[in-house]
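Whatever order the structure lists ligands and atoms in, that order sets their numbers, starting from 1. Computation of the quantities below employed the complete heavy-atom set of this structure, encompassing side-chain atoms and omitting hydrogens, waters and symmetry-equivalent molecules.
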Amino acid sequence: MKNLIFAFVLAALACGCSTQKAVVKTPTFMNKVIAHRGAFKNTGAPENSIASLKAAIAIGCGGTEFDIHMTSDEVLVVNHDPKFLGMEIETNTYQQLLTKTLANGEKIPTLEAYLKEGYGQKKTIMVAEIKTSKISKERSLRLATKVVEMVRSLKGQAQTVYIAFDYDVCKRVREMEPSAPVQYLNGDVSAEKLKADKLDADYHYSVFQKDKNWIKNAKALGVKTNAWTVNDEKIMDEFLVQDIDFITTNEPELLLKKLTK
Ligand code: MG
């Protein structure tokens, strides 16, 4: 009888455990350095190419940033400008974009290929910028939804940070992924408001320069800070003294060197 009760208790415990919600891991950065559009400037790799992503990983950046747009047939691709080598991304199909080639021989990377490459290692975090659609808000939000779904399908939640200029896009990601880091880019929202919406700040560095207490105040509130795009050594020092959380830069080699001195 005792054995039966014991077995029953064990079964009940096992059942309880299996119904508990799976804990989603969040990214841990090994340093403050975020390579802007991959490590491209000093490597010769085209920005936002798979080669620039590999270079950012190879030199040991804490994170590597890249930009995502959606083609007319809703393929997610990685490129900075709304145009890829002169062709509008949003009004061309993916096949049409394949007629153009980057200087290193690569075609426009799909988000899927880019993420798979990034998730093949565990050190450098993928900083995914969801670009604002020139066509409609609805399209921006659909892109945001599709990016989150792709990260999930590749099981990359513990290796991904989301950034966007559109506040509604940030909120859409927040709704879909309650524990994912989401950083707002446009520089016009207070740390208090970001905290209320569970977002972080990835602002142009001049915003943090204008208000010398911005970073300190954000820290007190638990809001993370990231400055873009800091290429000047003196400005890097300015923010390192304030213990900013991240610096996004076209000079990741320089910043890494400073941090290991
Ligand atoms: Mg960007």
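Looking at heavy atoms from C-beta onward, Pro82 lies out of side-chain contact with Ile89 at the 4.5 angstrom threshold. For the pair Leu102/Phe84, a side-chain contact is recorded, criterion being any heavy-atom separation below 4.5 Å from C-beta on.
A search for side chain to side chain donor-acceptor pair (under 3.5 Å) contacts involving Asp202 returns Asn226, not counting sequence neighbours.
For the Mg ion (ligand 1), protein N/O/S neighbours under 2.8 Å (waters excluded) are Glu65 OE2, Asp67 OD1, Glu129 OE1.
For the atom pair OG1 (Thr71) and CG (Leu97), the distance works out to 6.5 Å, reported to the nearest 0.5 Å.
Aromatic ring pairs are classed by plane angle as parallel below 30°, tilted from 30° to 60° and perpendicular above 60°; the pair Tyr203 and Phe208 is parallel.
Evaluated for a side chain to side chain contact (heavy atoms under 4.5 Å, CB included) with Val33, the options Thr248, Leu255, Thr124 yield exactly one hit, Leu255.
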